[in-house]
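See structure below.
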Number of protein chains: 2
Amino acid sequence: MPDVILDNKVFYNPVDFALKKIGGTWKMPVLWRLRIKTMRYSEIQEHIKHISQKMLTQTLKQLEADGFIDKKIFAEVPPRTEYSLTEKGRKAIEVIDYLRNYGLNLMLEAGINYQEMVEQEKRKKI
Amino acid sequence: MPDVILDNKVFYNPVDFALKKIGGTWKMPVLWRLRIKTMRYSEIQEHIKHISQKMLTQTLKQLEADGFIDKKIFAEVPPRTEYSLTEKGRKAIEVIDYLRNYGLNLMLEAGINYQEMVEQEKRKKI
DNA sequence: CAGTATCCAATATGATACTG
DNA sequence: CAGTATCATATTGGATACTG
């Protein structure tokens, strides 16, 4: 397999390329939240447990630069910014959905019923 | 999303779980090579450009521990070891194939015809 | 041949304080 | 509210030398 160089980065193969675009700890969680609706910065942060301001900002910046999301700034006080999926971002959702189902299967094989865990957490919050 | 803890590791979500099992730089390349046939250590190393001995050993060890590959040691001199996919490993190939196709599409959008690059490299070697 | 062991560099992520 | 800037830490990967 030949190496590919783009924007001064080296990609070893197509999977490496895909995962350098939407992989890492936070890109898929952010895209996944946006599949439902347009969200503002603080809203995304509230929805994703553990994510720091630094990583959220960095993740949003890269996803926008790579064309997966759109950013709309409203000239208001206090400022408001809204993020939404592009068509390219919506294609990525299919990949995330596929990977997510595979992950759920792997977890079941390991004896973890994740969907049930999610249900239990909902009940606690009510 | 609740966190999941298994073997002293924290997983944030199902995608995180899947990619901690078959993600990283080298696991998918190794699994992908084994989809064709059983291979020995040195054979895998020759097929995967850039991979170091350390990373190959570590990758094989983790894939075996997680049940994606089988390791068979032959009591010969010099020693011979063969690695092959398990049924779980063959399921992972489907995921890799999916991700690979997505990566090829992303590359095309970025103006990179990877399949053509692979063809050109073959011609050079002949 | 098929690994181990050790040390080092690069990158990814986190914590904290500050700002238009 | 939506960031930036800086410093610290953790994880990953690479280089090199050695071994049953």
Side-chain angles (χ1 to χ4, degrees), chain A residues 3 7-13 15-17 19-30 33-34 38-66 69-84, chain B residues 3 7-13 15-17 19-30 33-34 38-66 69-84:
Chain A
D3 293 344
D7 301 331
N8 279 327
K9 280 167 201 160
V10 181
F11 303 92
Y12 289 166
N13 53 61
V15 172
D16 188 35
F17 191 90
L19 291 181
K20 273 179 179 146
K21 293 299 180 184
I22 62 169
T25 312
W26 303 115
K27 284 177 184 170
M28 294 201 211
V30 167
R33 291 316 179 296
L34 293 178
T38 291
M39 291 173 97
R40 50 202 293 190
Y41 187 94
S42 56
E43 214 179 345
I44 301 172
Q45 197 175 19
E46 283 158 24
H47 273 77
I48 302 179
K49 197 161 48 172
H50 303 303
I51 197 170
S52 66
Q53 245 172 358
K54 175 182 172 177
M55 292 315 297
L56 179 54
T57 300
Q58 182 179 305
T59 299
L60 290 168
K61 202 168 282 183
Q62 290 173 3
L63 288 175
E64 193 200 357
D66 286 326
I69 61 176
D70 274 333
K71 175 180 184 173
K72 193 170 179 188
I73 303 175
F74 295 84
E76 305 174 358
V77 180
R80 181 158 61 105
T81 329
E82 288 189 347
Y83 294 92
S84 57
Chain B
D3 292 343
D7 301 330
N8 278 326
K9 281 168 202 160
V10 181
F11 303 93
Y12 288 167
N13 53 62
V15 172
D16 188 36
F17 191 90
L19 290 182
K20 272 178 179 147
K21 294 298 180 183
I22 62 168
T25 311
W26 303 114
K27 284 177 184 169
M28 295 201 211
V30 167
R33 290 317 179 296
L34 294 178
T38 292
M39 291 173 97
R40 48 200 296 189
Y41 187 94
S42 55
E43 214 178 344
I44 302 172
Q45 198 176 17
E46 284 158 25
H47 274 76
I48 302 180
K49 197 161 48 173
H50 303 304
I51 197 169
S52 65
Q53 245 173 358
K54 174 185 170 176
M55 292 315 295
L56 178 55
T57 300
Q58 183 180 304
T59 299
L60 289 168
K61 202 169 280 180
Q62 289 173 3
L63 287 175
E64 193 200 358
D66 286 326
I69 61 176
D70 273 335
K71 174 180 185 172
K72 193 171 178 188
I73 303 176
F74 295 83
E76 303 174 0
V77 179
R80 180 158 62 106
T81 330
E82 289 189 346
Y83 294 92
S84 58

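Letters go in sequence order (proteins before strands), and every chain restarts at 1.
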**Request:** Take atom CG of B:Leu56 and atom P of C:dA2, then tell me their distance rounded to the nearest Å.
**Result:** 10 Å
**Complete:** The nucleotide from D:dG13, D:dC1, C:dG3 with an atom nearest the side chain of B:Met55 is D:dG13
**Request:** Please tell me which of the listed nucleotides, D:dG13, D:dT4, C:dA2, lies nearest to the side chain of B:Pro79?
**Result:** C:dA2
**Message:** Starting the side chain at C-beta, find the nucleotide from D:dA2, C:dG14, C:dG3 nearest to B:Tyr12.
**Reply:** C:dG14
**Message:** Let's see if you can work this out: which of C:dT13, D:dG3, D:dG14 has an atom nearest to the side-chain heavy atoms of A:Lys71?
**Reply:** D:dG3
**Message:** Using the side-chain heavy atoms of B:Lys54, tell me which of these nucleotides is nearest: C:dT6, C:dT4, D:dT4.
**Reply:** C:dT6
**Message:** Do A:Ile44 and A:Ile51 have side chains that approach each other closer than 4.5 Å (heavy atoms only, starting at C-beta)?
**Reply:** no
**Prompt:** Which of the following nucleotides, D:dG14, D:dC1, D:dG20, is nearest to the side chain of B:Ser52?
**Reply:** D:dG14
**Considering all heavy atoms, the nearest B:Met55-B:Thr59 contact** = O-OG1, 2.6 Å
**Message:** I want to verify a distance call: between D:dG3, C:dG14, D:dG14, whose nearest atom is closest to the A:Tyr41 side chain?
**Reply:** D:dG3
**Geometric cation-pi criterion, A:Lys21 with A:Phe17: 6.0 Å, 45°** = yes
**Fill in**
A:Trp26 has its side chain closest, among C:dG3, C:dT13, D:dG13, to C:dT13
**Message:** Taking 4.0 Å as the cut-off, does a side-chain nitrogen or oxygen of B:Arg80 come that near to OP1 or OP2 on C:dA2?
**Reply:** no
